Amino acid sequence: MRGKLIILAFLALLASGPAVGEEPQTLAQGEILRGRFMQERLLQGFDGPLRSEGSFVLAPDKGLIWRTEKPFIVTTLMTEKGLAQQSNGATTLNVPATRAPIMTGLYDMLTAALAGDWSGLDKDFTVERSEDGGKWHLRLKARAGGPTATMPVSEIRVSGGGFVDQVEIEKQGGDLDRLTFTDQKREAGALTGDEKALLDIAGKP
Amino acid sequence: MTRPRTARPLAIFWLLLVVATAGYLGVNAWSGIAFRTDLLSLLPAEKDRQDANALAGQLIENSSRRFVLLIGHSSREAARSAAAEIEKSLASSGLVSLQQIGPDQVKAMGAFYLPHLGALLAPADREALSAGGGQAIAQRALAQIYGVGGFADAHLLKRDPFLLFPAFLTSLPAPLSRLALDDGYLSVKSDDKTWIMITGNIAGDPYALDTQDKFTDLIADVVGREAGKAPDLAIKRGGAIFFAAKGSQSGLRETSTLGAIATVGTMLLLIGAFRRVGPLLMNVMAVIIGIGAGLAANLALFGEIHIATLLFGVGLTGVAVDYGIHYSATVFDPSRPTTWQRLHEVLPGISLGLVTTLIGYLILLWAPFPALRQVAVFSIVGLSVSFFTVVFWFPFLDRGEAPGYGRHLLGLANVFWRIWEDPRLRRLCRMVLLILIGLGAVGVLQLGTSDDVRRMQSLDPTLLAEQADLQELTGTGGAIQFVTVEAADDEAALQLGEDVGRTLDELQAQNALAAHRGPADFVPSLKRQAENKALIERLDWTGQAEALGLSVPVKPTPTPLTLQQALDDGALPFLKEWVLGVGRQVIALDGIRDVAAVRAALAGRPGVHFLDPAGDFSERLGTYRHRAMWLIGFSALLMILPLAWRYGFKGGLTVLLPSMAALLLTPALIALGGEAISFFHVMGLILVLAMGVDYATFCAESDYARRPVTMLAVLLDMVTTLLSFGVLAFSSVFAVHAFGLTMLLGILIAFLLAPLAGGVNPRSRGSV
């Protein structure tokens, strides 16, 4: 559960991919980030990585739409109110934020990161920055003790240029999630009506 | 007439009796008198209700210990640091035990359930699986696993590839539906503030003044200190203790004010009327001896006394002041008789008054409520003892001579009699009577009854508003209605609870109920665990393993989960409040919108009781009121016997007329004022009947020459009664107000109409 939180936080960073030496930038008010993703989950004791790909839309203050296209079509919706999944037009999962309390913290972190506010992460992780050939790297190691103790994440590696290109999340049990982002673009426009309607589903009782 | 020969031995005998009673009370007081204060012990011990009463008592006690604080600030950090400080002060005070729901709590819950993975199902999943919807569940799990982030790690997925365990955990009923756990604190965000919840239980008795003072002082202190640091800090307080503390404060203030008015007023009246302290002291003494005797009788018979018995008993015994004053007022008799002649004059009247009043109180003895029986014993003994104190002692103690100013007083008092006889006023009198009858008729049409116990207390409006805000913010106000489930053992009770849960789900779907939660939601019965296990095993494990690329799925082997384990573990701390004993469990109901539907749906199931403590109590007060009304009617009928013996049937009816009019008019006038009649109004009517008959009897016993003296006595009786009971009408406690208002109106009516009985003549005036 908490792993999801971290990913979301970093999805937020996609928008603020910090050019080295610069202050991290954030999405301007009303801007939307669109792109494609490839997710690989390497689970201990499983034959191969569980691979999925699709597209995403991130609108600060509104939520995240995560459309998995392969191996099957599932749409995950995440907002301040909660998390929902849809497949074949039917809602198969809907967890209000109040039932999964971490969701609230997650949303706080999302907004914080969007605002370029790293303090939320500084508390739980030590952050190392480096660069090579125009690409920047962040290496976040979970601090011992504190709230991090409840997080099954041991290390997070982020790299990118203008945008975040890749996020690797290493879990304490040895599992690894690798997210690769492509075709990202910032838009000044609003969400479409369909997208808004989708986000409204999340967390609805 | 001179002193009878028996007078001195009787007075000495009486003194010995009084001394003995005082000794008995002294011994009891030394070893500690058992005062009872719990309202539930007043209720009739009906057999099927006994268990329910005990449960209700336990539930009420549990919930009255609970308190909730919401600390709000526009800055999350400020709110959190204030909450932390308040928590620290509370924890170190030793006054409370805090319920902290930190991240450890969530982790502990996960760890607690993990060994039972494979036997636990979310209700929706169980339904889906029973209906053959395994494919959808498998698909849902895949979607989650491939979806963003992923719920589970490899370790969990191997044992739970269908992700039924996380679904179970998130399906558990949340005690506070709108709050979310934010880094160790249950919080909720409103438009402009972050609210942090602090909750716990009072360690001591929340109804003890000492506990209330310490607790509210502590909260005020620490909140004040924190508000100094963060100026717009807001706090919402919830819990019985805050209301009780406010109630005690205003109750104490009010009691002392009303008590002072009654005491000072009565003293001024009696001293002013007699211009001596003698009559005042003698009457106070007679009543105090009566009260002592009533208390002693109660202790001897019941071994204990309820605080409510004491209050009502003192009130009913206080009627005795009428007899003493009636005697004392004869001092104004212009024929200046001796003290023995004076006693002889009033004896028939006050004896008849005693007999009729005792009839009223005796009736209470047959009432099937322990409380009223205690009250009856108290007041019968108290009233009789006061009466005999007047008869045996007053002529010895009284040295009064008719004072010269008496004529004015007598003239004043006689006005109340003369208005009925003055031919010039006859039309006016008739008109007033007609108006009263008219008002009564209109009032009767508006007569309504209500015994809603929630209305009986006056609750502080600020606290009520805070409580409402708290409910709004947290989504619940703490359950006040319950279902109790009783069976031979825990397993049977859990199964019964699951059964009831299904009914409650249906009620919830019909919108009759907002939510319910009980032990069976957190600990499924062993039977259900076995069913769950079978359902889970029937899923397509091979298919799911293939879809995930998992070569070796590990079918879980859950160990059975028992209620006792759950109670011992402590991961589910709230469970304790719902498990009252082996096979005795409670399901808390939230937000009931249709009590009748809930009651009906649960009726007739063995071992299942719908408990609405406040509602039940109101309902039973209603039963009390009904029975008390019948008893009043019945005792009025019985009173005709001694009255008819003395005045003839017609005369007896006439003597009863003023109090009957008071009995009928008072509720009607109260209804006219827009107030519904409650049990406490009816309790007042018992006294109105008793005193009204006294007044009328005194008037009937009075020959023409002594009318002014009699009327003065009745006037003094009436004013002392109004001073001690009538002022209660101004109490902010509804029950007390109801009692006082009834007395105020009833006694006034009975007093004004009493001279109508003056035309009645005893069959043999002057002898008993």
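Convention: sequence-line order gives letters A, B, ...; per-chain numbering from 1. Just so you know, these numbers come straight off a predicted model, no measurement behind them.
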Engineer: List the residues meeting side-chain contact (heavy atoms from CB on, under 4.5 Å) with Glu546(B), not counting sequence neighbours, and say none if there are none.
Structural biologist: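 Partners of Glu546(B) under the side-chain contact (heavy atoms from CB on, under 4.5 Å) test: Thr542(B).
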Engineer: Relative to chain B, which segment of Phe46(A) carries a heavy atom at a distance below 4.5 Å: side chain, backbone, both, or neither?
Structural biologist: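 The answer is both parts of Phe46(A).
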Engineer: Sequence neighbours excluded and cut-off under 3.5 Å, please list the side-chain donor-acceptor pairs for residues 159-166 of chain B, or say none.
Structural biologist:
residue: Asp160(B); atom: OD1; partner: Leu163(B); partner atom: N; Å: 3.3
residue: Asp160(B); atom: OD1; partner: Leu164(B); partner atom: N; Å: 3.0
residue: Asp160(B); atom: OD2; partner: Leu164(B); partner atom: N; Å: 3.1
residue: Asp160(B); atom: OD2; partner: Phe165(B); partner atom: N; Å: 2.7

Engineer: Tyr113(B) vs Phe168(B) aromatic rings, parallel, tilted or perpendicular, using cut-offs 30° and 60°?
Structural biologist: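 Answer is perpendicular, since the angle exceeds 60°.
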Engineer: Checking heavy atoms, do the side chain of Leu142(B), its backbone, both or neither come under 4.5 Å from chain A?
Structural biologist: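 Backbone plus side chain of Leu142(B), per the 4.5 Å heavy-atom cut-off to chain A.
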Engineer: Any side-chain to backbone donor/acceptor pair from Ser52(A) onto Tyr146(B)? Under 3.5 Å, distance only.
Structural biologist: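 Yes, the answer is positive, given that a donor and an acceptor are paired below the 3.5 Å cut-off.
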Engineer: Counting only non-hydrogen atoms closer than 4.5 Å, does Pro49(A) touch chain B with its backbone (N, CA, C, O), its side chain (CB onward), both, or neither?
Structural biologist: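 Nothing of Pro49(A), per the 4.5 Å heavy-atom cut-off to chain B.
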